[in-house]
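Heads up: the structure comes next, in structure tokens.
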Amino acid sequence: MARMVVDPITRIEGHLRIEAVVENGTITDAYSAGTMVRGFEKILKGRDPRDAWAFTERACGVCTTVHALASVRTVEDALGITVPRNAELIRNLMFCTQYVQDHVVHFYHLHALDWVDVVSSLSADPQKTAQIATSISSWPKSSPKYFAAVQQKLKAFVESGQLGIFANGYWGNPSYKLPPEVNLLAVTHYLEALEWQKEIVKIHTIFGGKNPHPNYLVGGVPCSINPDEVNAINMDRLNYVGSLISGAIAFVEQVYLPDLLAIAGFYKDWAAIGGGLKNYLAYGDLPTRGYGQPDYFKFARGAILDRNLNEVYPVDGHNSGEIKEYIEHSWYSYSSGESSGLHPFDGETEFNYTGPKPPYDQLNVEAKYSWLKTPRWKDHPMEVGPLARLLVSYAKGSTEVKDVVNEALGQLGVPITALFSTLGRTAARGLETRLVVHWMKGFYDDLITQIKSGEVSTFSRDKWEPSTWPATAQGVGLTEAPRGALAHWIKIKDGKIDNYQLVVPSTWNASPRDPKGQRSAYEASLIGTHLANPEQPLEILRTIHSFDPCIACAVHLYDPEGKHLHQISVY
Amino acid sequence: MTECSGNLLVLGIGNVLMGDEGVGVHVVRHLEQLGVPPGVEVLDGGTGSFLLLDPMQRAGKIILIDATLDGNPAGTVRRLTPRFSTDYPRTLTAHDIGLKDLLDTFYLLDHPLDVVLFAISIASLQPIGLELSPEIEARVPEYAQLALAEIGSAIPQMS
């Protein structure tokens, strides 16, 4: 028996380390540990609640806008502010922009190389690649000459010895199942996606003033609409946004989705691997009648237990009996005791590091072993992310979601239970991108209709001044980051932040065990996975990447005595 | 392929929530106060990774300011002219891989970058917080002057 340590280095948001027990090539247990401390409360306490978004936005370089969105919603919820319809539509457009860009980048640049063999693509016949491309899509850039040119460029890049982002792949590993021609198709679109993604994010600059880290505003959005004014959101800019959305629809429909389904067709065995937890949580988002009416969100709110799609439980972020964070295995202490759970309104952030001094070989997983707290919904461990979102909306009967999901399942010839897997997670991300990019067009059309009818308000000033606030107030801002359910909680006292807590998607998915010994999503998803070659743990990459962590990992392998055997880098 | 505008981009990278890790951003904020010649774009890149592709692609030359954990005494600044991502200091701290991924993509897109990197050594284990350590804080104006001097020598070659 070997003990294996997956020790992700920081990507953008924090460090993650996974220790897995491997028996006869199969993972029998796993522990997930966040090794970088968070302490937002300490930065935010005593500040103006209206400024909190600008700090929380820096929590993660990838999820910038959703942290800002959660933050302004939290304050609005506490103070009873309703934003104008235009602000809701613009926030939705910002949200959709991030989803489409982030999911495309995740698929092509962070996850595809777990399934696509770059080196194999060098031996592809460009003629055949062109045939495959035109058989699955009407995307114009599909000529044999075009694929041959990309192949030449790749050859030169590989021969330069500067493999760069391709340096860490397990090229030639037998777990890669795609024919060379499909590999070439995917690598070509890897390059196209790079160029494409930089266009769509210009929507953040247009509505948010700058990028990265666009501006938000409590009570609305920080841009004024005036169809004829040079410095405002005018018709020129709106037309440009419209053209970017049309381009996004084309890319998602003609490149991302066909590639996803073509690649998935070669990896159907992964529809039975990596399922892990059976509980799914989504806060939902994309309001159409205001944040206060979740029944009219495009992404539904709710919880599913034991994969029972016939019942969706309501979720309430304010209810102190629902979401709680535990610290029995986390480096914090609670005044109420080690095994108690605290609702984020009453959350405490007292550090209590009891782990080994870095660098170390192994954590003592019987004791505290992570800087992440362990969130639970009604004491259940929950998976969050694209799969949870789709399942909750599907189970709640959204016809839009059901149509898109059922069409893809039909094309692949797999039942809905195939979604409870690594492949299902990756497919769900693409399917929701398809939904989101069309919803985006709808929000854009609604915004244009509003403006044409003379409605240009983007900000509600009623409760901007602290003098209008009660002495104490508390609120919760729920949203869905691309990686899953995200919430901020605030307590305001005398116009200042008294407590501020974030529960981020990675906390749900990557947290350590709770006091009952229940595993969280990462830990559960790895159990039972067979490693064809422990020196090249491609299987771990596939499953962990299917959650879209914004972190990179170094994988360490250990023998039963804890001796270090092997280390690789995982992005 | 995006046409290169020939502009000069000064890009500060880092996470301002993590003390000295955010020194690159502090330096560009200081530069903005000092003012830069016309045609020079100053950008707080945060930890933006792929989001920075467009501004970097549009630039003819990039002056990158970033923190590094290279083992040198905190505050040490080195001027580097890296060609490939492997030429960069091994650990660009908490935003390491995002930036390196991005740099490699330029070679893939036939768009090699002209980069001058000011790598500022910081101590490891940055506590979470908005403030720089006193020794780094005191040297921010000096780093900004280094960037200004670099701008001054780059501009005649740009047009």
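Given the structure is predicted, the values throughout are model-derived calculations rather than measurements. Here is how names work: the chains are called A, B, and so on, in the same order as the sequence lines, proteins then strands, and each is numbered from 1.
The two residues B:Gly45 and A:Pro212 come nearest to each other via the heavy atoms O-CG, 3.3 Å.
Taking 4.5 Å as the limit, every side-chain heavy atom of A:Arg58 sits out of range of all side-chain heavy atoms of B:Met18. Put simply, the side chain of A:Phe55 reaches to within 4.5 Å of the side chain of B:Leu130, judged on heavy atoms. B:Asp54 has its side chain out of reach of A:Val201: every pair of non-hydrogen atoms, C-beta onward, lies at least 4.5 Å apart.
Atom CZ of residue B:Arg58 and atom NZ of residue A:Lys198 lie 9.0 Å apart, to the nearest 0.5 angstrom. Rounded to the nearest 0.5 angstrom, B:Leu51 CG and A:Gln197 CD are separated by 7.0 Å. With rounding to the nearest 0.5 angstrom, the CG atom of B:Leu17 is 5.0 Å from the CD1 atom of A:Ile43.
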